[in-house]
Structure formats: C-alpha cells, structure tokens
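Notes to accompany the following structure.
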Amino acid sequence: FYIVSLNDISGLVGLQTLLQQEKDSLEEKVSLRTIELQKEIQRKKVIQAKLESMVYVDYLTGLPNRKHFNQKLELFMQEISSKKSYDFSLFFIDLDGFKSINDTLGHNAGDELLIEVAKILQKSVRNNDFVARLAGDEFVILVDQIREKDDIEHIGKNILSSMSQPITVARNHKISISCSIGILMNPSKDLDKYTMLSLSDRAMYRVKENGKKSYCFFDECMFEEFHQKVDLMKKIDDALKNDEFYIEYQPVCNQEGIILSCEALARWRHQGQNISPFYFIPILEEKGLINSFTYDVIDMVFRDFENGLDVGSVSINFSAFQFYDTKLLSFLKEKARKFPHFTKKINFEITEGVFTTDPELVHDKLTTIRALGHKIYIDDFGTGYSSFDYIRKYPIDVLKIDKVFVDEILEDEKQYKLLKGMLSFADSLEMSIIVEGVEQEEQVKYINALDIDLRFQGYYFYKPMTLENLFKMI
Ligand code: C2E
Ligand code: CA
Ligand code: CA
C-alpha cells in the first residue's frame, strides 16, 4: 500500500510510471518464457516422434519392421468391410543361401547385402506397396488392390529378376543372390493376420523344397496341409502321453547283407495311420518337446539292449536343438553310469547344419559325448553345408553319404563320378563310411566297383523294421 497525499500529484504520476514499467517487464518475461516453453515442447515432440519411429523402423535397412508391418496389415484388414476376401496380397520373401554368405564373407557383408536387398525390393514394387523386414533375411511386401493373378505373378518375376543382378558387398566382392517367394493372394476374410503370415511362409517353404529361386502361390491344397499340421500339433501332446511313439530299426550291413549295426528311427502310429517323422519331428521341435522326446528314444534303445538286442551298435538321430539342451550331458552321463556295457553301442547322428550354429558349444558337447564312449555320425553328408572344414575341427567318426548321391548313378555318369569323388574323399580322411538309400542291386555293383571299404543302408538290403522283426532277421 502506498499512502499518497492529494497535493503530491507528481509522486502519484511517478508511481503510475513505476507500476507500468513493472507490468511491461512482467509481460515481456511471460512472453519470453512462453516462447521458450513452446520451443521446449516442439523439441520434445521431435524426440518423441524419433523414438516412436525407431520402434517401427528396422535399424539396419530403414524399412518398416515387424511391428509396423503388423500394424499396417491390421489397417489393411480394417479398410474392407463388405467383401468375402481381402483385396491385397502378401509376399513372403526369404533369401537363398544367406547363411553361407554370412559364414564365408562375414556378418558385415551380410548386413550390407540386406541393405541392398531392401533397396532392390523397394524398387521392384509400386510406391504405395508396403515393404518390411521381419527378421534376418526375411522380408514381406503388402501389395494393395491388384486382383489379377497375372499381375501378381508379374511382381514376383520382377523381384526375382531384380534380385539376380550381382550385388557388391565387402568393398569389391560381387555376389549373386536369389530368393524364394511365397504369395498369399487376396486372403479369405476368415484368416487372422498371424495365419496369413504363416500361410505365405508355408508357400515360401514350398519354393525352397522345390529348389529355391522362384515364387509359389499358397493354394487350397496347401491350406489342407496347413490344417493337418495344426491338427497334428494339437494331437502330439496326447500322443506322447498315450505312448503312440515307438522305434523301428533299419539295419546297416556289408555288401553281403550281414547286419553290422542299426539306425533307430522314430515312428508315430496314430488312429491306424503312420505319420512320417518328416512331419512330426519338426512339430516336436517347434513345440519345444524334442529334447524329452530324444531322451525317450535313448531310453527305448537302452531298454532294447537290455532285452537282448544283439547288434554291434545303434545310432540315434539328434536334432540341432539338442545342442542347446543344458541337461543332455548329465542325462547321457547318468545313462553311461547305469549301463556302462551298452554305452559304447550307442552312437549319435547329427546333420551338417549344427556346425553353422554355435561352433564352440557344439565342439565342447561333441567332445564330451565322445569321451563317454559314443561315436558321432554325420547324417545326410554332403547336403547341408558349403564348407567341409568342420571335418578337421570336430570329433567325427562316421560319414553317412546321403541318398541324393546314389539316386541316379546308373543313369547319369556325372552323378557316379560325383559319388566316387565323395567316397574317396571320405576314405582319404580315414572316416568310416555308410552309403544311404541304396535301392537296387545294380547300384550296389557300381559302388562295390569303386573298391572302397564301406557299409550300406537302404531298402535294397533292409527296410526299417520293428524290434520283433529285427530279432527274427538276426
Ligand atoms: P534320416 O536320418 O536320413 O533317416 C533315413 C531315412 O531314409 C528314413 O526315413 C529311412 O526309412 C529312409 N530310407 C532308408 N533307406 C532308404 C531307401 O533305400 N530308399 C528310401 N526312399 N528311403 C530310405 P524315415 O524313417 O521316414 O525318417 C525320416 C527322417 O526323420 C530321418 O532321416 C531323420 O532325419 C528323422 N528322424 C527319424 N527318427 C528320428 C528321431 O528319433 N529323432 C530325430 N531328431 N529325427 C528323426
Ligand atoms: Ca539318420
Ligand atoms: Ca540320412
């Protein structure tokens, strides 16, 4: 409060000026602070947008990532209401042989390649088509509003041809790459987004099975196959509880047919039908049940030995997942402690694929398994890996030459020479050899003519059989 006398007018005017000045300075401060705050909010918005975009962008290629793709697919699905099927198509793209590029040229080259592939894919489609990277070397494209199959095929061909141009990575390495494409065209409206992705993935696998570097539409018959798989996935838990699995033994013999050892092959008999291990093993793997399943197989073989099975040895198939099983070694040690006289009779088959995973882990586990007295077989030798260097580095006893090297030796001289090369290669490494998939007498003659010490496994000599039949056979 100011106490002012009326005759002190000049004092009053002075006070008014003072108050006005204070007001002006306060307003100025407020407006400055407002500008500052606005700037601060703007800056935070930019950061927020950047963070949000990082959640939706693949860090390597700059393409939308899986999360973004899921969101986009949902949007596509919401946009259509009245029609029976959606009018977009889903392309699932997987590079062929990407792993071996990573293995031979290194991960940096692999990354460079993925960046180039992302660019190629974006250039191969229209601007409004949505290209995303799901993971690793898997990409997807959402192609909107093309209803003619020919036009969709045209896009597939376009991607394949753009991809066939050499790509330069690791400074000056020119490499050729190809891809396999599964296409789900105008999916039915009953499908959810996960099923759509699975179906296009399934179609892509069909391309891989048929020799890669092509495209394939997901069709009705594959839909049937897909449902069968889903059905089997549901049934497999009960099948394990109900003991629907058992083993058949396929003898391995010399050229006279004398049985020297056997391979244990898992069987699933379900409601009067035999389901192939080619179907149920991947399901067990997918469901995370393969480790306990293998324990069951090992148990069964030990039990059969206890019950008088009289062959030199039995080999059991390992899945690549087995190497990540932390309890495997203690399980095998316990078996070796309990059944020391049978342990040396049990061997394990692994495929070349395991050497591409975790070299140290695989090496350590194989060394320990071997120290227990088991031998290590390489199954389907020659089909899985581009480098044979692993033979030098890992403890391996037996090579099982895959059936593909035997299949056409009678018709195709080159194929025969290839088999000859494979066998002398294995022989020079002083490995034991088993030739798989021998079906005809002539094939046996041709192989014997090469004069290499080996064993045979194939329908010409013996098919897989129950323990009972094996007893009779022996
Ligand atoms: P594999 O280990 O390569 O086993 C050989 C497969 O070839 C067996 O098929 C056998 O029946 C078949 N075979 C043997 N000789 C011939 C022949 O002369 N001609 C033809 N056409 N085929 C022949 P199967 O029993 O259907 O097994 C398929 C695959 O399933 C096996 O291939 C193996 O990878 C896997 N598998 C089987 N049992 C088990 C198991 O207990 N555990 C794991 N992880 N995989 C298993
Ligand atoms: Ca095998
Ligand atoms: Ca095999």
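The figures here come from the full heavy-atom set of this structure, side chains too, leaving out hydrogens, waters and symmetry mates. Note that the numbering runs from 1 along the sequence shown for the chain. Just follow the structure's listing: the first ligand is 1, and inside any ligand the first atom is 1.
A salt bridge links K241 with D238: the closest approach of a Lys/Arg side-chain nitrogen to an acidic carboxylate oxygen falls below 4.0 angstrom. E263 has a carboxylate O that lies under 4.0 Å from a charged side-chain N of K400, or vice versa, which qualifies the two as a salt bridge. Residues D103 and K99 are not paired through a salt bridge, judged by the lack of any N-O separation under 4.0 Å between the basic side chain and the carboxylate. Between D389 and K393 there is a salt bridge, since a side-chain N of the basic residue sits under 4.0 Å from a carboxylate O of the acidic one. For the pair D96 and K208, the salt-bridge criterion is met [side-chain N within less than 4.0 Å of a carboxylate O]. A salt bridge does not link K420 with E413: none of the charged nitrogens is closer than 4.0 Å to a carboxylate oxygen. In this structure, K119 pairs ionically with E116, as a charged nitrogen and a carboxylate oxygen lie closer than 4.0 Å.
The nearest protein atom to atom 31 (C) of ligand 1, hydrogens excluded, is given as L265 CD2, 4.3 Å; this is a heavy-atom distance. The protein non-hydrogen atom at the shortest distance from atom 42 (N) of ligand 1 is N317 O, 3.5 Å. With hydrogens left out, the protein atom closest to atom 21 (N) of ligand 1 is E439 OE2, 3.0 Å, a heavy atom. The nearest protein atom to atom 1 (P) of ligand 1, hydrogens excluded, is given as D379 OD2, 3.8 Å; this is a heavy-atom distance. Summary of contacts: the protein heavy atom closest to atom 11 (O) of ligand 1 is P464 CG, 3.4 Å. Of all protein heavy atoms, the one lying nearest to atom 30 (O) of ligand 1 is P277 CB, 3.4 Å.
Residue contacts with ligand 1 for R267 involve side-chain atoms from C-beta outward but no N, CA, C or O (heavy atoms, distance under 4.0 Å). Heavy atoms of T294 found under 4.0 angstrom from ligand 1: none, in either backbone or side chain. Residue D380 touches ligand 1 through its side chain alone, judged by heavy-atom distances below 4.0 Å. If you look at K400 next to ligand 1, there are no close heavy atoms at all, none under 4.0 Å.
Distance check: F280 CZ to H270 NE2 gives 12.5 Å after rounding to the nearest 0.5 Å. The CD atom of Q443 sits 9.5 Å away from atom CZ of F456, with the distance rounded to the nearest 0.5 Å. The distance from atom CE of M204 to atom SG of C179, rounded to the nearest 0.5 Å, is 10.0 Å. In this structure, the separation between CD1 on I155 and CG on L160 is 12.0 Å, given to the nearest 0.5 Å.
Atoms of ligand 1 found under 4.0 Å from any heavy atom of Q250 (numbered from 1 in listed order, with element): 10 (C), 14 (C), 15 (N). When each atom of ligand 1 is checked for a heavy atom of S319 under 4.0 Å away, the hits are 44 (N). Using a 4.0 Å cut-off to heavy atoms of G458, the atoms of ligand 1 that qualify are 15 (N), 18 (O). Atoms of ligand 1 lying under 4.0 Å from any heavy atom of E436, numbered from 1 in the order shown and given with element: 3 (O). Those atoms of ligand 1 that come under 4.0 Å of a heavy atom in G437, given as number and element, are 16 (C), 17 (C), 18 (O).
Looking at D379, its N, O or S atom nearest to the Ca ion (ligand 3) turns out to be OD1. Of all N, O or S atoms in D380, the one lying closest to the Ca ion (ligand 3) is OD1. Its N, O or S atom nearest to the Ca ion (ligand 2) is what matters here, and for E263 that atom is OE2.
For ligand 1, the polar-atom distance check finds no N/O of Q457 at less than 3.5 Å from any of the ligand's N/O atoms. Below 3.5 Å of separation, one finds an N or O of A266 facing an N or O of ligand 1.
Within the structure, ligand 1 has K403 among the residues with a heavy atom less than 4.0 angstrom away. Judged by the shortest distance from any of its heavy atoms, E263 lies inside the 4.0 Å radius around the atoms of ligand 1.
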Inset, instruction - Would you check, one step at a time, whether the test side-chain hydrogen bond (donor to acceptor under 3.5 Å, both in side chains) holds for S198 with D201? - result: CA-CA 5 Å; S198 287; D201 183 25; over 6 Å; no

Inset, instruction - List the steps and the verdict of salt bridge (Lys or Arg N to Asp or Glu O under 4.0 Å) for E306 and R303. - result: CA-CA 5 Å; E306 275 193 300; R303 202 183 49 215; over 6 Å; no

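Counting non-hydrogen atoms of other residues, nucleotides and ligands closer than 6.0 Å to OH of Y205 gives a total of 12 or fewer.
Inclusion of E349 in the first shell of the Ca ion (ligand 2) is supported: an N, O or S atom falls under 3.0 Å. At a cut-off of 3.0 Å, E436 is not counted among the residues with an N, O or S atom near the Ca ion (ligand 2). Checking Y377 against the Ca ion (ligand 2), every N/O/S atom stays at or beyond the 3.0 Å cut-off.
Within a 4.0 Å radius of atom 27 (O) of ligand 1, the protein contributes one or more non-hydrogen atoms. Remark: atom 34 (O) of ligand 1 lies closer than 4.0 Å to no protein heavy atom. Protein heavy atoms are absent from the 4.0 Å sphere centred on atom 9 (O) of ligand 1. Under the 4.0 Å distance rule, the nearest protein heavy atom to atom 17 (C) of ligand 1 falls inside the cut-off.
If you check each of Y377, W268, Y459, F278 against atom 13 (N) of ligand 1, the one with the closest non-hydrogen atom is Y459.
Side-chain atoms of D380 and T383 form no donor-acceptor pair, as typed in the model, at a separation below 3.5 Å.
Side chain of E352 to backbone of G382: a donor-acceptor contact under 3.5 angstrom is found.
Taking the centre and axis of the six-membered ring of F339, the NZ or CZ atom of K335 falls outside the cone set by 45° and 6.0 Å.
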